[in-house]
Protein chains: 2
Amino acid sequence: MKAIGIYEGAPSAKSQQFAEIELAKPVPTGDDLLVKVSAISVNPVDTKVRQATAVQSQLKILGYDAVGIIDSVGPKVTEYHRGDRVFYAGTNQRSGSNQEFQLVDARLVSLAPQKLSDADAAAMPLTMLTAYELIFEKFQAKFGPQANLGRTMLIINGAGGVGSSAIQLAKWAGFKVIATASRPETVEWVTKMGADLVVNHHHDLWQQLGDQYADKIDDIMILHSTENYFDVAAKLVRPLGHVGSIVETSKPVALGKLKDKAASFDWEFMFAKAKYEIEVESQGKILADLAKLLDSGAVASTRTQTINSISTTTLQQAHEQVEANKMVGKLVLVGPFN
Amino acid sequence: MKAIGIYEGAPSAKSQQFAEIELAKPVPTGDDLLVKVSAISVNPVDTKVRQATAVQSQLKILGYDAVGIIDSVGPKVTEYHRGDRVFYAGTNQRSGSNQEFQLVDARLVSLAPQKLSDADAAAMPLTMLTAYELIFEKFQAKFGPQANLGRTMLIINGAGGVGSSAIQLAKWAGFKVIATASRPETVEWVTKMGADLVVNHHHDLWQQLGDQYADKIDDIMILHSTENYFDVAAKLVRPLGHVGSIVETSKPVALGKLKDKAASFDWEFMFAKAKYEIEVESQGKILADLAKLLDSGAVASTRTQTINSISTTTLQQAHEQVEANKMVGKLVLVGPFN
């Protein structure tokens with residue numbers, strides 16, 4: 001089977017050497033499924049992991065999101081069978097989805113949404129898991145249509161993959177959603193996703209929101225440059241509210257600014273459950289819930305671009321696009337591997 | 001009526017000028033109760049507020065915790081009546097409990113535990129509200145006897161007022177409790193409160209706990225020197241776990257150390273609800289729950305010292321003792337004011 005990866009990261013995808021090798025088809029053991037990968041997406045985290053990869057003696061196979069057909073199952077697997085179409089984001093502890101056949105823990109998987117194409121489904125797992133865990137686990141929103149009426153959420157960097165999923169999920173759950181975007185096409189996109197109000201994160205958020213929303217926003221999601229937005233988030237968040245982020249900080253944070261409000265700061269990191277083997281099965285269950293929302297049309301795929309081939313060339317092209325940091329929605333690659 | 005307070009803070013209680021003045025007995029309006037104060041406690045926050053008080057033209061009346069008898073009620077109050085015995089921590093937005101008659105919002109109040117003396121009851125509101133909100137709101141523990149079996153909590157500085165309440169509440173709720181204490185009498189005290197394991201916060205907590213508890217402690221409560229304990233808390237907390245603090249930071253915090261575990265940091269500040277008028281009535285309800293726990297003996301008063309007089313002299317003495325930062329449990333002053 002074909003597998004694509006790298007032996008050493010490069011700071012720019014343009015200078016990255018992607019390699020393709022032939023590997024023996026794996027055999028699933030224990031809780032594992034072996035999935036024939038049909039479509040994948042490239043997330044910003046793929047490019048960050050690629051950049052940070054030191055010299056490897058074995059090929060490092062990148063990629064998280066995947067849609068595929070189960071080829072065979074490990075002896076402990078009872079819920080899934082050969083031929084089932086599944087989708088998942090997997091784990092950062094094992095080889096990724098940029099290969100023809102991938103081993104994945106069945107607990108991290110759900111049947112794919114039936115009404116979505118491979119391309120549309122492949123765009124969703126990592127970003128929706130991240131958005132779901134932030135909204136319904138970290139922020140403790142109620143999971144249900146219109147279940148959080150009266151609550152307001154600010155999503156900083158709404159047009160990216162996680163933001164696009166988060167806007168839709170928060171709207172479905174009844175939040176008033178304020179999203180940030182800076183270009184005409186991203187403003188249009190976050191509005192299409194359901195944002196009630198769009199503000200520009202390249203301008204001062206306090207000036208744009210402070211008069212109306214000081215101490216008023218229940219939950220604030222920082223999806224870009226945590227350090228740049230922490231202070232304004234502390235001023236906008238309501239007392240007892242939550243500020244959550246997925247973007248690591250490079251220096252200490254003035255955490256004390258949240259104290260007087262008795263507010264909380266939540267880190268979201270989708271891979272923590274699998275990495276530390278905590279609540280692992282929750283991710284499969286979340287994906288099953290999300291598949292229902294996607295099939296019902298309550299939430300739409302955020303796929304905006306599709307490349308109809310998975311190869312060293314198309315992967316490099318995809319990394320370049322995602323790395324340019326101007327994505328609107330998600331970029332998907334559909335097989336075959338060639 | 002007599003009221004005790006200050007016109008200007010002093011860095012040390014030994015040099016503080018407490019003054020006593022005569023004020024007209026207030027008349028309750030709206031949601032207010034007028035309470036004839038029977039007993040009060042002095043908390044560390046009293047000394048911090050006193051120290052930070054700039055010159056005042058009017059007497060600043062300190063004090064939070066109180067037990068007393070309702071003298072009269074505002075026109076909106078239906079739940080309480082003259083003669084009811086109540087306890088509360090009040091708010092930092094109004095004159096405090098160091099006066100013969102105090103106005104307090106009825107929503108912040110509960111009937112006092114029937115089986116406890118004024119002295120025993122006066123020790124509890126502020127510390128138990130703080131401990132309750134951390135454990136059952138911020139850490140999202142289940143409220144019920146043994147309802148959190150399998151979870152472990154670390155309470156840094158267990159022998160103080162909040163720590164002593166927190167150990168008991170966490171034990172009642174089923175946690176395994178690790179508390180820190182440094183002197184023989186504090187070790188004995190936290191053990192009496194119910195700690196399963198005691199470690200010394202003056203020695204390296206990682207060396208004492210790391211082997212067994214790295215990535216294993218569900219919830220960590222920092223009740224002293226947040227900056228000194230944040231890093232070790234980040235190493236001990238379990239993935240998806242919570243670190244909570246009540247002690248403000250004087251400099252930025254390496255918040256990123258919690259990211260890989262997708263953990264949360266929660267500030268607890270008991271006065272935030274009343275100050276920002278959010279979930280105000282929850283505090284009266286919490287106190288009612290706590291009164292039941294105190295009456296049932298599930299939780300005991302943490303009073304360790306009692307002064308049988310409330311005056312400028314005894315308040316100064318109480319501030320000195322609390323300020324010395326060596327308290328075990330709580331210090332209470334019982335009326336009359338004289």
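Chain letters run A, B, ... following the sequence lines, proteins first, then strands; residues in each count from 1. Below, all heavy atoms of this structure are taken into account, side chains as well, without hydrogens, waters or symmetry copies. A quick note: this is a predicted structure, and the numbers were derived from the prediction, not measured.
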Participant: Where do B:Val247 and A:Lys259 come nearest, in terms of heavy atoms and distance?
Facilitator: C-CE, 4.0 Å
Participant: Enumerate by number any residue of residues 206-227 of chain A whose heavy atoms lie under 4.5 Å from heavy atoms of chain B; in the absence of such residues, state 'none'.
Facilitator: A:Asp215
Participant: Taking only heavy atoms into account, what residues of residues 126-143 of chain B are found under 4.5 Å from chain A?
Facilitator: B:Lys138, B:Gln140
Participant: Evaluate the side chain to side chain contact (heavy atoms under 4.5 Å, CB included) criterion for residues B:Val253 and A:Val253: first the C-alpha distance (whole Å), next the side-chain angles of each, then the deciding distance (0.1 Å), finally the verdict.
Facilitator: CA-CA 5 Å; B:Val253 169; A:Val253 170; 5.9 Å; no
Participant: So which atom in A:Ala272 and which in B:Leu240 form the shortest heavy-atom distance, rounded to 0.1 Å?
Facilitator: CB-CD2, 4.4 Å
Participant: Taking everything shown except B:Gln56 itself, do over 12 heavy atoms lie less than 6.0 Å from its CD?
Facilitator: yes
Participant: Heavy atoms, side chains only, cut-off 4.5 Å: are B:Asp260 and A:Tyr276 in contact?
Facilitator: yes
Participant: At a heavy-atom separation under 4.5 Å, does A:Lys257 approach chain B through its side chain, its backbone, both, or neither?
Facilitator: neither
Participant: Enter the distance from A:Glu248:CD to B:Leu258:CG here, rounded to the nearest 0.5 Å.
Facilitator: 13.5 Å
Participant: So which of A:Ile278, A:Ile246, A:Thr249 has the largest heavy-atom pair count under 4.5 angstrom toward chain B?
Facilitator: A:Ile278
Participant: Of the non-hydrogen atoms in B:Gly256 and A:Trp267, which two are nearest, and what is the gap between them?
Facilitator: CA-CZ2, 3.8 Å
